[in-house]
Structures are given as C-alpha cells and as structure tokens.
Amino acid sequence: MLFTKPGNLISLRKNPFKIHKIKIGIKWDKPPPGTVKLNIDGAYSQNTMTTGLGGVFRNNNGNWIIGFHKLGHATSSTHAELMALHEGLRIAREMNFLKMKIETDPTEIIKLLYEDNQYLSNIILECRLLMHQLKLPTLRHNLREGNEVAHLLAKEVVKNFSPTKYFYHACPPFFVEPELNKNKRGICNSAKFLPITICNCPATLD
C-alpha cells in the first residue's frame, strides 16, 4: 500500500478486473503433412436473402487442391455459414478426404454442432452425419483475416450475381491468387490485440 494523506490509501496491486491482451499476427496456417485443410465461408445478403458459399481445400504446402463457390438462399448469416460447411463436407466425402482439418471464421456454427436449433435442425443434422462419415475432422475457428481466400470466393458469387452460378475450381481463380500466395509464404494479414483467454481457448470441435 502507498500512503498519501491520512486516511487515504492507494493500492499498488493490479486491477483484477482488467482484461489482459496480447498482440498476435493473424494468418492462415498450413496443416500437418498428409492432412488436407478446408476453409469455408458464407456471404449473406439480408436484402435478397441470397448467399454466396465459398470453400477451398489445400495441402500441407499450401497448394490448392480444389475450390468452390456457389449461390444459395439462406434465412440468416448463420444459415449461410452452415450451408458453406455442408457443401465443403459433401465435396470432401466425394473426394474421400478422411484426414482433414476445417476452419471457419464464425464461432456460432461450431457451437451449433454441439447444440440443437429448431430452425436449423435439418442442416445441422446433415453436417453432423457428414462429419461422422469423414471420421470427425477437427473444426476450428480462425479470424476473418486468416480465412480470407474462402471469404473472397463466397463474396464473388454475391457480387457477380447469377442464378445458376456454381463453380468447382481445379486451379485458383485470379481474384484469390494474391491472397493464396501470401498464405503459402506465411505472411500475416494483420495483427490484433486479443484477450489472453481467447488466445488460450480457441473455439474448436474435435
């Protein structure tokens, strides 16, 4: 304690209610050798209730395996994200990717796979079934800046509207190439100050 005037005390102890933050660089991380990483995203337009679904599969060198973007109709942004996850899982099953990690930027869909939601129960159950068929790949959260390639794919569909738009990409389209190259080189997109509790406990579904 530090005494100033009689009866006045100033505590030198740290404020227990202060949220401690650390600075972290945000980037896409390569998966372990022999593992495929799927990044997915859904871009939702509330005015038209249309959504762009985007996803990309990459190997442990950061090389493109296959990507997709697709136009759909959703009732909410969360519904759009679940649709993107469902599409990615469906493709993974078709291509027999049994050793896989999945990343998305909203934490809500990770929670929904643990819980029930009466409005989205059908697609949640379908995603759970696909994940079991794929030997339960890890689904984890990454911030938007680390999920940028999938975001660009999803956003492209909404930006250039076409009712029949659905593309598989065996090679990366030109509009994601700069971001893809940054990911392969391990370049951080940005840095943020985040609470230590978030850094130590990222949202993950194993």
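These figures come from a predicted structure and were not determined experimentally.
A donor-acceptor pair shorter than 3.5 Å cannot be found between the side chains of Glu156 and His69. No side-chain donor from either of Asn147 and Asn142 sits under 3.5 Å from a side-chain acceptor of the other.
Arg128 places a side-chain N or O within 3.5 Å of a backbone atom of Leu113 that can act as its donor or acceptor partner. In this structure a side-chain-to-backbone donor-acceptor pair under 3.5 Å is present from Lys37 to Asp29. Side chain of Glu103 to backbone of His141: no donor-acceptor contact under 3.5 angstrom is found. At distances below 3.5 Å, at least one donor-acceptor pair connects side-chain atoms of Thr51 with backbone N or O atoms of Ala43. Remark: the backbone N or O of Leu82 is not paired with any side-chain donor or acceptor of His86 at under 3.5 angstrom.
Ion pairing of Glu148 with Arg144 is absent here, as no side-chain N (NZ or NE/NH1/NH2) approaches a carboxylate O to less than 4.0 Å. Here Lys70 pairs with Glu87 in a salt bridge; the nearest charged N to carboxylate O distance falls below 4.0 Å.
By the criterion of side-chain heavy atoms lying less than 4.5 angstrom apart, applied directly or through intervening Ile, Leu, Val, Met, Phe, Trp or Tyr residues, Ile187 is not grouped with Leu180; the two fall into different hydrophobic clusters. By the criterion of side-chain heavy atoms lying less than 4.5 angstrom apart, applied directly or through intervening Ile, Leu, Val, Met, Phe, Trp or Tyr residues, Ile66 is grouped together with Leu98 in one hydrophobic cluster. Under the 4.5 Å side-chain heavy-atom criterion for ILVMFWY residues, a single connected hydrophobic cluster contains both Met131 and Leu53. Phe174 and Val157 sit in two unconnected hydrophobic clusters of ILVMFWY residues. Membership requires side-chain heavy atoms under 4.5 Å apart, directly or through other members. Leu89 and Val56 are assigned to two separate hydrophobic clusters, defined by single-linkage of ILVMFWY side chains at heavy-atom distances under 4.5 Å.
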So Ile109 and Leu85, side chain to side chain contact (heavy atoms under 4.5 Å, CB included) or not? Walk me through it.
CA-CA 9 Å; Ile109 68 168; Leu85 174 62; 4.3 Å; yes
**Request:** Apply side chain to side chain contact (heavy atoms under 4.5 Å, CB included) to the pair Met95 and Val36, showing each step before the final yes or no.
**Result:** CA-CA 11 Å; Met95 301 196 70; Val36 172; over 6 Å; no
TODO: Given ring pair (Phe, Tyr, Trp, His ring centres under 6.0 Å), test Phe57 with Phe97 step by step and report yes or no.
DONE: CA-CA 10 Å; Phe57 296 85; Phe97 291 146; 5.2 Å; yes
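Looking only at side-chain heavy atoms (C-beta outward), Asn117 and Ile124 come within less than 4.5 Å of each other. In this structure the side chain of Arg93 reaches within 4.5 angstrom of the side chain of Leu134, judged on heavy atoms. Between Thr78 and Leu120, the closest side-chain pair of non-hydrogen atoms falls below 4.5 Å. A heavy-atom distance below 4.5 Å is found between the side chains of Glu81 and Thr104. When side chains are defined from C-beta on, Pro31 does not count as touching Asn59, because their heavy atoms never get closer than 4.5 Å. Trp28 has its side chain out of reach of Val149: every pair of non-hydrogen atoms, C-beta onward, lies at least 4.5 Å apart. Side-chain contact between Asp105 and Glu145 is absent, with no heavy atoms from C-beta onward closer than 4.5 Å. Side-chain contact between Pro173 and Leu152: absent, with no pair of heavy atoms (C-beta onward) separated by less than 4.5 Å.
Cation-pi geometry between Lys184 and Trp64 is not met at under 6.0 angstrom from the ring centre and within 45 degrees of the axis.
In this structure, CD in Glu126 is found 9.5 Å from OG in Ser121, a value given to the nearest 0.5 Å. Considering OG1 of Thr75 and CE of Met49, their distance stands at 6.0 Å, rounded to 0.5 Å. Atom CD1 of Ile40 is separated from atom CG of Leu38 by 6.5 Å, given to the nearest 0.5 angstrom. Between the CD1 atom of Ile91 and the CD1 atom of Ile65 there is a distance of 12.0 Å, given to the nearest 0.5 Å. Atom CG of residue Leu129 and atom NE2 of residue His132 lie 8.0 Å apart, to the nearest 0.5 angstrom. The CG atom of Leu139 sits 5.5 Å away from atom CD1 of Ile102, with the distance rounded to the nearest 0.5 Å.
Heavy-atom contacts from other residues, nucleotides or ligands closer than 6.0 Å to CD of Glu94 number more than 12. Remark: Tyr119 OH is loosely packed, at most 12 non-hydrogen atoms of other residues, nucleotides or ligands lying under 6.0 Å away.
For Ala80 against Tyr44, the heavy-atom pair with the smallest separation is CB-CB, 4.2 Å. Lys99 approaches Pro33 most closely through the heavy-atom pair NZ-O, 4.1 Å. Nearest approach of Ala154 to Gly52, heavy atoms of both residues: CB-O, 3.3 Å.
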